Every structure is written in C-alpha cells, then in structure tokens.
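Indexing begins at 1, ligand by ligand and atom by atom, following the structure's order. Just so it is clear, the structure is predicted and the values come from calculations on it, not from any experiment.
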Amino acid sequence: MDAVSITCIRRQRTKKISGNKKRYNQFSQHLQDIFNCKVYKITIDAGFSCPNRDGKLSKKGCIFCDTGGSFSRAHSSLLPVEKQIEASILRLKNRFKAQKFLSYFQAFSNTYGPVEKLKELYDRSLSHPDVVGISIGTRPDCVDEQKLDLIASYRKDYLVWIEYGLQSVHNKTLNLINRGHGFEEFEKAVKLTQERGVKICAHVIIGLPGETGKEVLHTAKTLADMGIDGVKLHLLCVLKDTELENRYKNDEISLLSPEEYVETVCDFLELLPPATTIHRIAGNGLKKILVAPDWLGEKFKVLNMIDRELEKRDSRQGKYFVQTNSLPGKYV
Ligand code: SF4
C-alpha cells in the first residue's frame, strides 16, 4: 500500500467534517471524506456459489434471486480478479474521474469456501496500488471465527467492510422468502464481526411479501440498536426466472409504488443513527432481467423524491433515533 493510501486510512480515524449535502449519510460522501478523493467500488465476481443454491441448504435460492445470484453475475464474464479490477479502474477513471477504489466481492456468497481460497482471492483483489479497501458481500451463516479473523487482518492497511444479506429481521418473512437462515444467524455473525472491529453493512429489502410498514420499521430500529455501521436499502423487484416472478404472474404478490417506497425509506432513515452510512437507497435494476416494477429504472427520479420528501418533512436521517441502553456497542 502506498504512503498516500496509508495516510488516507489514518485520516479516517481523525477527520470529522463531512461535505455531505444530503439529509442522509451517503456512503460515497463518507468515502470522499475519508480519502479526500473520489472512491468507487469495483464489483468483482470471483465465481463463488451459495449454500441456498448449490443444494447444501436448498437448490431453490431466495424467491427474489435469479440464477445470477441476485443479478450480480448477469453482467460478469468471470475474468481473473486482477483483470476485472484493471478493466473497471480504467472505465471508472475515464468516466467518473475516480481516483481510488474498493474491491467489492458482490456475486453470491463471498465467504463460502475454504479460508485459504478466500485469502488468495482477497489478496489478489488488493494488489492494485489504487485499491484502498475491500467490501465482502455474504450470508450471515457463511462466516466463522477463522474467516472473520482473516477479513479483520486487512484492517491495518485497508478500509474493510462486510455486507450481510439480511433483508428483514422477521423470521416469518425470512421463511417466506426461503432465505435458509433466521435472524439468529445474523445476530451471531454481527457479534463475531463487531468483536473484530470490521464494519458491517446490512442489506434490507423494502416491500417484501406479507410485511407491514410497521414491521419494516422494526427492522430499522433493530439494526440501529445493534450498532450496525451501514445499510443498503433495496426495493423488492421481480426478476426473470425467479420464484417471485411466478408469484407475481399469479397475482400472489403486489409491489410498492414509488410514493410508498419513498415514504418507507424516509421513515426508515429517520430511525437510524445519523452516523450509519447509507450504501444504497435506490437501484436501477438490470433492464434485460427486470420484470417489474418499471419505475425501478428511474433511479435519479427516486433519489430526488427522497430528497424532496425529507425536505417537506423538515427531517433527516436520525431524527427519531433513540439511543437505547444497549448502545453504544451492545456486542463490543
Ligand atoms: S443468499 Fe444471495 S445468492 Fe444465495 S440465493 Fe439468496 S440472494 Fe441468491
């Protein structure tokens, strides 16, 4: 790692002033504040599988997941990790004037393998001098102490995040969407991860079948109470060749309107601590595999609607966050 990057990591511990102009704590701005430059994530597909797909737990997968592992493999050519990184860096530098990068293991469950294999892949992803951190997406039931020790070992030189697919804290919903794990596995993974000082981002889906608005907000309160560092919010969308597509076509599920989504997102943000980083709040969805809703493609319109709604409420992330006795660091 070069001297500039090490300085960047040190700055992470001291810098307090953010240039954030949003009413929520955008992850991209958070990275800019730490590294003092534009930092982009590079999506990597390292060829992992998932126990909810390969038959260990199930062959069906989560009901919303396509065979590409929730669409992340759909645009991957499975080149060697270094080639994926080089190609993305070139593209992101030219297009967005990005300067530094995080290697982002996104497709499927990126801790689902022997620890030696994980180390080799993570090391290779960090070998480019412009890569200043790593983010690893996985299931909470695919980590153990040895794997988390490995991931935590990168903290001395890099920014390190682990992203757990959770979707909801309610076991009845997790069963309904065939996650193959419960909230208890997430709690256990969070405890082990927080003990090692690795930052955690939780993925949450808004609009899951059978969930009321109140239940979604209970997920927000629970994550706030657990001291989760970051959140990625997704709208429930229907992708081709998924169980959800069958249910949608049989009129068994309904999808949120943009107004309902925006309303729920704003309610959710109000309950999170102001410091929680928001890694995603609106997605675009891959057109070629998206069945519904159509409006998912209008990412900037949705982002503007969220800004306007927070403004209208004269509100912001954390407005209704209540620090409970279990904080700070319930699990530390
Ligand atoms: S855990 Fe992830 S990759 Fe596995 S089936 Fe569910 S969404 Fe797909």
Identify, by atom number and element, the atoms of ligand 1 in contact range of [X], meaning under 4.0 Å from any of its heavy atoms.
X: Gly61; value: 5 (S)
X: Cys62; value: 1 (S), 5 (S), 6 (Fe), 7 (S)
X: Arg139; value: 1 (S)
X: Phe64; value: 7 (S)

Quiz item: Within the stated cut-off of 2.8 Å, is an N/O/S atom of Cys50 closer than that to atom 4 (Fe) of ligand 1?
Solution: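 Given the 2.8 Å cut-off, Cys50 counts as a ligand of atom 4 (Fe) of ligand 1.
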Is any NZ, NE, NH1 or NH2 atom of the basic residue among [X] and [Y] found under 4.0 Å from an Asp or Glu carboxylate oxygen of the other?
X: Lys41; Y: Glu163; value: yes
X: Lys188; Y: Glu184; value: no
X: Lys191; Y: Glu187; value: no

Exercise. Check whether any N, O or S atom of Cys65 sits under 2.8 Å from atom 8 (Fe) of ligand 1.
Key: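 Checking atom 8 (Fe) of ligand 1 against Cys65, an N, O or S atom does fall under 2.8 Å.
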Practice problem: Report the C-alpha separation of Asp267 and Arg313 in whole Å, then their side-chain angles, then the decisive distance to 0.1 Å, and conclude whether the salt bridge (charged side-chain N to carboxylate O under 4.0 Å, His left out) test is met. | Solution: CA-CA 10 Å; Asp267 293 347; Arg313 296 182 188 191; 2.7 Å; yes
Quiz item: Are Leu90 and Leu79 connected in the hydrophobic side-chain network, where two residues link if heavy atoms are under 4.5 Å apart?
Solution: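 In one cluster with Leu90: Leu79, no.
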